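Here the structure comes first, spelled out in structure tokens, and everything after it is commentary.
Nothing here was measured: the structure is a model prediction, and the numbers come from that model.
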Amino acid sequence: MIQILEHAINEICLELFSQRVEARLTRTNEQFGDYSTNIALYLAGKINKNSIDIANQIVAKLENHRLLAFKPAVAGLGFINLHFSDQAIWDMTKLTVDRNLEDKSIIVEYLDPNPFKEIHIGHAYSGTIGDAIASLFELRGANVHRVTYQGDVGLHVAKALYGILLKTDNDVTKLSRISNNDKSNFLGSAYVLGSTAYDNDQTANKRIVEINIKVYDRSDKLQNQVYEICKAWSLEYFDDVYKKLGFNLFEKNYMESEVAEEGKQLVLSNIKNGIFQESEGAVIFDGDKFGLHKRVFINSKGLPTYEAKDLGNAAKKWRDFHYYKSVVITGHEQAEYFKVMLKALEQFEPDQAKSTTHIAHGMVKLSSGKMSSRKGNVVKALDVLEVVKQSAKLSADEDADDVKINDVSLAAMKYAFLKNRIGSDVAFDINESVAVEGNSGPYLQYAHARARSILAKTGDENVESLELQPAERSLLRKIGEFTEVVNNASEQLMPHLICTYLYELAQVFNRFYESNRVIGHERQALRKKLVHCYADVLKKGLQVLNIPAPERI
RNA sequence: GCGCCCGUAGCUCAGUGGAUUAGAGCGUCUGUCUUCGGAACAGAAGGUCGGGGGUUCGAAUCCCUCCGGGCGUACCA
């Protein structure tokens with residue numbers, strides 16, 4: 001509908017002023033109309049004429065367009081405002097999201113935990129936005145593959161193994177005495193032990209480097225046993241965390257150990273042609289040539305670094321999915337690294353590199369009470385969820401069961417992550433996030449449940465006239481924005497746009513509801529239809545964000 | 001030093017070329033209501049949009065410069 005009108009305006013501009021333009025109709029303040037365009041102001045500069053005259057000429061041509069019940073109007077310096085008919089406003093609620101990615105294969109990689117280490121609050125953040133971005137692609141018809149990439153080889157593993165071997169006195173059987181609940185804590189503390197020793201103790205440092213070599217070549221039987229047992233613990237623990245956080249399942253878990261060798265070979269085979277160079281015993285990519293940094297791809301011990309492994313990972317993903325687009329979501333500390341890696345990839349696999357997008361997000365900063373992050377203190381995702389749950393219990397009804405508490409807690413946490421634009425750091429304040437008022441996940445859940453309960457009071461009814469009163473029209477106008485918002489959010493990969501919209505929508509509804517009776521009013525049938533549209537949009541919106549939207553709370 | 005990101009109300013953030021008056025939540029203050037689930041609604045106070053310069057009919061938004069913060073800057077991921 002909007003595109004038709006934009007096209008019509010473009011045609012008019014071509015006819016009247018011989019100017020090829022791309023007019024954009026944007027939502028405007030309700031006092032001015034439904035949509036507006038600044039095309040006349042733009043043209044005024046181009047053809048040196050008065051913008052109001054231009055606007056008037058365009059409007060004269062546009063006036064009889066079949067979609068408009070009211071006259072388009074010229075306002076201010078030459079804005080053209082369009083007022084739609086009630087029918088057009090109703091029609092807008094039936095629009096569907098552009099499925100312009102129909103059947104396209106899109107691979108989304110996020111969360112990327114490291115076996116032998118904990119899943120901390122930053123992983124929960126990455127997981128939440130990754131899951132939402134994947135859902136946005138799905139809504140547009142894409143064939144989405146959610147994957148995660150796990151660092152099961154490398155120095156951090158060696159550090160953890162050093163700690164484990166020390167804690168168990170090199171006795172594998174001692175591992176079997178550790179209870180299920182203690183496993184992740186045990187691994188976490190072993191890693192801290194190894195990591196500290198690596199930095200402060202030269203003997204330990206040498207030993208860890210040796211362990212790392214054996215992680216790759218698997219030449220040590222005892223070490224292999226410990227590795228397999230503890231890696232399996234880690235993977236079980238990860239699955240448990242994903243489930244508790246309500247994430248969609250990963251279709252595939254890529255392992256660094258599976259791609260390390262291929263990555264290394266890719267680098268080695270591209271030395272002769274000059275893409276990679278040997279330098280000080282290592283193999284590097286000279287990013288300086290492209291305004292980036294030099295980075296080591298194979299270290300002087302002959303082991304592939306994260307860089308080389310990621311090249312192998314890219315190759316494997318390409319083979320597995322022949323993706324149309326590959327999206328990788330990580331913290332922004334890897335932004336520069338990613339540019340170098342992609343530039344290197346572009347030298348020998350330009351198609352892969354060009355269809356890969358890196359999204360960099362900020363860090364999570366906890367800012368209240370006991371959970372505030374201290375230096376070197378890893379804040380575990382499940383611990384945060386637990387605190388949120390305790391807090392949610394306090395503000396819930398006495399009869400609220402665990403399922404409801406869980407739904408509310410997940411909504412609180414995920415919404416707090418999603419409502420900000422991706423990129424800068426996120427201040428996560430537990431008290432604020434679990435607050436039942438204001439711009440929060442629970443507020444939206446409540447708004448949804450409340451609307452459903454209104455609808456449940458009476459049966460279905462036929463609506464005789466769709467003519468709208470002003471307050472009804474305002475509400476329906478807002479409901480009709482949904483599709484547009486989702487299109488924008490998915491094109492720009494910005495889930496926060498949906499959060500902002502849903503919150504505004506709920507506010508508009510609450511204002512309407514405060515002064516307009518639904519049940520028992522003479523316009524009950526029509527108003528119930530409005531409530532129904534509203535509740536459906538809230539539900540769809542929350543679903544895209546992977547936030548539960550229960551019928552009752 | 002160089003590169004990337006950021007700086008908007010006391011706090012946390014939207015707004016990234018357009019609308020007389022820059023928006024929202026929290027917090028503070030004042031109201032509404034014998035509730036269609038009040039987790040609501042109405043209102044007030046609170047801003048040199050980090051500073052300065054430029055481009056434009058129009059700048060929080062684009063460009064330059066300075067200040068402040070974060071991240072990165074070869075064998076971690």
| field | N/O donor-acceptor pair, side chain A:Ser36 with base B:rA19, under 3.5 angstrom | value | yes
| query | In whole angstrom, what separates A:Arg421's CZ from B:rG7's P? | reply | 9 Å
| request: Kindly point out which of B:rA77, B:rC76, B:rC71 is positioned nearest to the side chain of A:Tyr198? | output: B:rC76
| For B:rU56, which nucleotide in any strand shown is its Watson-Crick or wobble partner with both distances under 3.5 Å? | none
| request: Could you give the distance separating B:rU73 and B:rU28 at their P atoms, to the nearest angstrom? | output: 44 Å
Less than 3.5 Å apart, which donor and acceptor atoms pair up between the side chains of residues 296-305 of chain A and the rest of the protein, not counting sequence neighbours?
residue: A:Asn299; atom: OD1; partner: A:Lys301; partner atom: N; Å: 2.9
residue: A:Asn299; atom: OD1; partner: A:Gly302; partner atom: N; Å: 3.2
residue: A:Asn299; atom: OD1; partner: A:Leu303; partner atom: N; Å: 3.0
residue: A:Thr305; atom: OG1; partner: A:Val296; partner atom: O; Å: 2.8
residue: A:Thr305; atom: OG1; partner: A:Phe297; partner atom: O; Å: 3.1
residue: A:Thr305; atom: OG1; partner: A:Glu307; partner atom: N; Å: 3.4
residue: A:Thr305; atom: OG1; partner: A:Glu307; partner atom: OE1; Å: 2.8

| remark: Partner of B:rA22 under the Watson-Crick or G-U wobble criteria, both distances under 3.5 Å, comes out as none
| Which value, in whole Å, describes the distance between the C1' atoms of nucleotides B:rG68 and B:rG31? | 42 Å
| Per-pair stack call A:Phe79 and B:rA19, 5.5 Å, 30° | yes
| task | Sort out the partner of B:rC29 for me: Watson-Crick or G-U wobble, both distances under 3.5 Å, none otherwise. | result | B:rG43
| query | Taking the same atom, P, in B:rU56 and in B:rU61, what whole-Å distance lies between them? | reply | 16 Å
| task | Determine the interatomic distance between C1' on B:rU48 and the same-named atom on B:rA44; round to the nearest Å. | result | 23 Å
| field | A:Gln507 side-chain proximity, nearest of B:rA14, B:rG25, B:rC75 | value | B:rG25
| message | Under 4.0 Å, heavy atoms only, any strand: does A:Arg517 hit a base, just the sugar-phosphate, or nothing? | response | base
| field | Donor-acceptor pair under 3.5 Å, A:Asp286 side chain vs B:rA74 base | value | no
| field | Nearest-Å distance once atom P is located in both B:rC41 and B:rG25 | value | 8 Å
| said: Counting the atoms with a prime plus P, OP1 and OP2 as sugar-phosphate, which does A:Phe297 contact under 4.0 Å by heavy atoms, base, sugar-phosphate, or nothing? | reply: nothing
| request: Looking at every strand, decide which applies to A:Thr330 at a 4.0 Å heavy-atom threshold: base, sugar-phosphate, or nothing. | output: nothing
| Could one point to a donor on the side chain of A:Gln445 or the base of B:rA39 with an acceptor on the other under 3.5 Å away? | no
| request: Could you check whether the rings of A:Phe250 and A:Tyr110 sit parallel, tilted or perpendicular, using 30° and 60° as the cut-offs? | output: tilted
| field | Charged N-O contact under 4.0 Å between A:Lys529 and A:Glu461 | value | no
| task | May I ask you to say what A:Ser453 touches in the nucleic acid, namely base, sugar-phosphate or nothing, with a heavy-atom cut-off under 4.0 Å? | result | base
| task | Determine the interatomic distance between C1' on B:rA14 and the same-named atom on B:rC49; round to the nearest Å. | result | 13 Å
| said: Under a 3.5 Å threshold, yes or no: a donor from one side chain and an acceptor from the other, between A:Gln469 and A:Arg527? | reply: yes
| message | So A:Thr28, base contact, sugar-phosphate only, or nothing? Heavy-atom distance under 4.0 Å. | response | base
| message | Is it the case that the base of B:rG18 and the side chain of A:Asn38 share a donor-acceptor contact (distance under 3.5 Å, atom types as modelled)? | response | yes
| query | Within the structure shown, what part of the strands sits under 4.0 Å from A:Asp112 by heavy-atom distance: base, sugar-phosphate, or nothing? | reply | nothing
| query | Looking for any heavy atom pair under 4.0 Å, which part of the strands does A:Lys301 touch: base, sugar-phosphate only, or nothing? | reply | nothing
| Centroid under 5.5 Å and tilt under 30°, A:Phe32 to B:rA19 | yes
| query | Which is true for A:Asn212 with a 4.0 Å heavy-atom rule: it touches a base, it touches only sugar-phosphate, or it touches nothing? | reply | nothing
| query | Looking for any heavy atom pair under 4.0 Å, which part of the strands does A:His156 touch: base, sugar-phosphate only, or nothing? | reply | sugar-phosphate
| request: Indicate, with a heavy-atom threshold strictly under 4.0 Å, whether A:Ser300 touches base, sugar-phosphate, or nothing. | output: base
| said: Nearest to the side chain of A:Arg511, heavy atoms from C-beta on, is which of B:rC75, B:rA77, B:rC41? | reply: B:rC41
| said: Assuming nearest nucleotide by heavy-atom distance, tell me which of A:Leu497 and A:His332 is located more 5' along RNA chain B. | reply: A:Leu497
| Base, sugar-phosphate alone, or nothing: which one does A:Lys339 contact when heavy atoms must sit under 4.0 Å apart? | sugar-phosphate
| request: Identify the nucleotide, in any strand shown, that forms a Watson-Crick or G-U wobble pair with B:rG7, with both distances under 3.5 Å; if there is none, say none. | output: B:rC67
| said: By nearest atom, which of the nucleotides B:rC71, B:rG25, B:rG18 is closest to the A:Leu41 side chain? | reply: B:rG18
| request: With heavy atoms under 4.0 Å as the rule, sort A:Ala335 into base, sugar-phosphate or nothing. | output: nothing
| field | Upstream residue (5' side of RNA chain B) when A:Tyr503 and A:Tyr443 are each assigned their closest nucleotide | value | A:Tyr503
| said: Please report the distance separating the P of B:rA24 from the corresponding atom of B:rU65, rounded so that it comes out in whole Å. | reply: 36 Å
